[in-house]
Amino acid sequence: MVRILVVEDDPAVRDVVEHALSREGMRTVGAEDGEEALGRLRGSDPFDLVILDAMLPGEMDGFSVCREFRAGAAGEANKDVPVIMLSARDDETSVVVGLEIGANDYVTKPFRPRELVSRVRALLRRRRMDSSAAEHAQKLGFPGLEVDLLKRLVICGGEREPVELTAKEFDVLALLASHPGRVYGREEIMCHLWDGGVLNVSRSADVHVQQIRKKIEPDPKNPRYVLTVHGVGYSFADL
């Protein structure tokens with residue numbers, strides 16, 4: 001279930017917001033001031049979105065909360081949560097400041113609950129799409145081969161167990177597979193991995209490629225994935 005932090009000191013406004021969101025099947029947690037809001041955001045319980053009133057009582061208004069939040073005041077679970085700022089101030093300067101300090105959207109009071117819910121849904125949908133895109137960017141899929149850059153795993157031919165590559169073998173494969181069709185010279189490969197600290201560059205590159213082929217190629221003598229470009233180096237097949 002979607003979990004939203006509603007930071008609003010006016011109980012009437014907070015009730016309206018929470019009621020509108022709960023009707024859409026979203027769970028809400030309330031906070032009345034900036035300190036309470038940051039305390040909840042520092043916790044380990046993740047929120048999907050924050051609705052933040054700009055004018056809060058005490059030393060921290062909504063702008064200060066948003067600024068500290070985006071500067072790293074939140075816990076790991078909530079560091080990238082989208083923020084919708086609510087404010088009775090609709091002048092251009094206030095809107096610009098709110099967006100520049102890290103709010104994802106700015107809604108002026110008085111507002112229609114249905115409009116707020118619509119904006120909440122739009123941000124949640126965008127966040128899911130961004131998350132999905134990031135996840136797919138970390139996984140390189142090829143016929144019969146999958147390279148997970150984030151988990152540093154390689155799966156071949158539908159096998160359940162990952163291929164056992166050394167750290168450097170994985171780094172070489174990841175470099176080549178991330179840019180199919182691009183040719184990398186032996187020296188370029190090894191300098192990328194060791195910052196130029198390898199003496200026998202050509203031989204080191206060749207050995208790593210040979211080991212990779214033994215572990216991922218259906219026929220290492222006739223490679224399908226890691227191809228030799230004679231006189232230059234290696235490339236990953238543009239499959």
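Only this structure's heavy atoms are used, side chains among them; waters, hydrogens and symmetry mates stay out.
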Could you tell me which non-hydrogen atom of [X] sits nearest to which non-hydrogen atom of [Y], and how far apart they are?
X	Y	value
Pro113	Ala20	CB-CB, 3.9 Å
Phe69	Leu41	CD1-CD1, 4.0 Å
Leu5	Ala37	CD2-O, 4.0 Å
Asn78	Arg40	ND2-O, 4.1 Å
Phe63	Ala54	CE1-CB, 3.7 Å
Pro180	Phe142	CG-CE2, 4.0 Å

Is any side-chain heavy atom of [X] closer than 4.5 Å to a side-chain heavy atom of [Y]?
X	Y	value
Lys168	Gln211	no
Asp90	Tyr106	no
Val117	Arg23	no

- Not counting sequence neighbours, list each pair that qualifies as a side chain to side chain donor-acceptor pair (under 3.5 Å) and has a residue in residues 140-154.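 Every pair satisfying side chain to side chain donor-acceptor pair (under 3.5 Å) with a residue in residues 140-154: Arg152-Asp171.
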Just to verify, what does [X] make a salt bridge (charged side-chain N to carboxylate O under 4.0 Å, His left out) with, not counting sequence neighbours?
X	value
Arg42	none
Glu217	none
Glu68	none

Can you tell me how far apart [atom1] ([X]) and [atom2] ([Y]) are? Round to the nearest 0.5 Å.
X	Y	atom1	atom2	value
Glu187	Ile189	CD	CD1	11.0 Å
Leu140	Leu145	CG	CG	9.0 Å
Leu86	Met55	CG	CE	13.0 Å
Glu188	Tyr234	CD	OH	14.0 Å
Leu165	Lys214	CG	NZ	13.0 Å
Ile212	Leu173	CD1	CG	5.5 Å

- Message: As a quick check of understanding, evaluate side chain to side chain contact (heavy atoms under 4.5 Å, CB included) for Val229 and Tyr184, giving each step before the final call.
- Response: CA-CA 9 Å; Val229 181; Tyr184 285 89; over 6 Å; no
Spell out, yes or no, whether [X] and [Y] are grouped together once hydrophobic residues are joined by side-chain heavy atoms under 4.5 Å, including indirect joins.
X	Y	value
Val17	Val2	yes
Met85	Val107	no
Val6	Leu38	no
Leu176	Leu149	yes
Val81	Ile84	no

- Item | Partners passing ring pair (Phe, Tyr, Trp, His ring centres under 6.0 Å) against Phe111 (at least two apart in sequence or in another chain) |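 Not a single residue meets the ring pair (Phe, Tyr, Trp, His ring centres under 6.0 Å) criterion with Phe111.
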Any donor-acceptor N/O pair, [X] side chain to [Y] backbone, under 3.5 Å:
X	Y	answer
Ser178	Leu175	no
Asp53	Leu56	no
Asp91	Ser94	yes

- Query: After noting the C-alpha distance and the side-chain angles of Arg213 and Thr228, does the key distance pass the side-chain hydrogen bond (donor to acceptor under 3.5 Å, both in side chains) rule?
  - Reply: CA-CA 11 Å; Arg213 284 173 172 167; Thr228 299; 2.8 Å; yes
Donor-acceptor pairs under 3.5 angstrom involving side-chain atoms of residues 218-225: please list them, not counting sequence neighbours.
{"residue": "Asp219", "atom": "OD1", "partner": "Lys221", "partner atom": "N", "Å": "3.2"}
{"residue": "Asp219", "atom": "OD2", "partner": "Asn222", "partner atom": "ND2", "Å": "2.8"}
{"residue": "Tyr225", "atom": "OH", "partner": "Pro143", "partner atom": "O", "Å": "2.6"}

- Query: Of the options Glu164, Glu169, Gln210, which is the one that meets Lys215 in a side-chain hydrogen bond (donor to acceptor under 3.5 Å, both in side chains)?
  - Reply: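 Going through the options one by one, the only one that passes is Glu169.
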- Cys66 and side-chain contact (heavy atoms from CB on, under 4.5 Å): which partner among Leu99, Leu52, Val97, Val50?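 Among Leu99, Leu52, Val97, Val50, the one meeting side-chain contact (heavy atoms from CB on, under 4.5 Å) with Cys66 is Leu52.
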- Message: Name the residue from Asp105, Ile51, Leu49 that meets the side-chain contact (heavy atoms from CB on, under 4.5 Å) definition with Arg119.
- Response: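 Going through the options one by one, the only one that passes is Asp105.
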Could you tell me which residues satisfy side chain to side chain contact (heavy atoms under 4.5 Å, CB included) with [X], sequence neighbours excluded, listed by chain and number?
X	value
Ala237	Leu227, Leu239
Asn104	Arg70, Pro82, Val83, Leu123
Ser64	Met60, Asp61, Arg67
Arg3	Arg27, Val29, Asp45, Phe47, Asp48

- Which pairs with one or both residues in residues 78-88 pass salt bridge (charged side-chain N to carboxylate O under 4.0 Å, His left out), sequence neighbours excluded?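 Sorted pair list: Glu76-Lys79.
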Donor-acceptor pairs under 3.5 angstrom involving side-chain atoms of residues 7-16: please list them, not counting sequence neighbours.
{"residue": "Glu8", "atom": "OE1", "partner": "Lys109", "partner atom": "NZ", "Å": "3.0"}
{"residue": "Glu8", "atom": "OE2", "partner": "Asp10", "partner atom": "N", "Å": "2.9"}
{"residue": "Asp10", "atom": "OD1", "partner": "Ala12", "partner atom": "N", "Å": "2.9"}
{"residue": "Arg14", "atom": "NH1", "partner": "Glu8", "partner atom": "O", "Å": "2.5"}

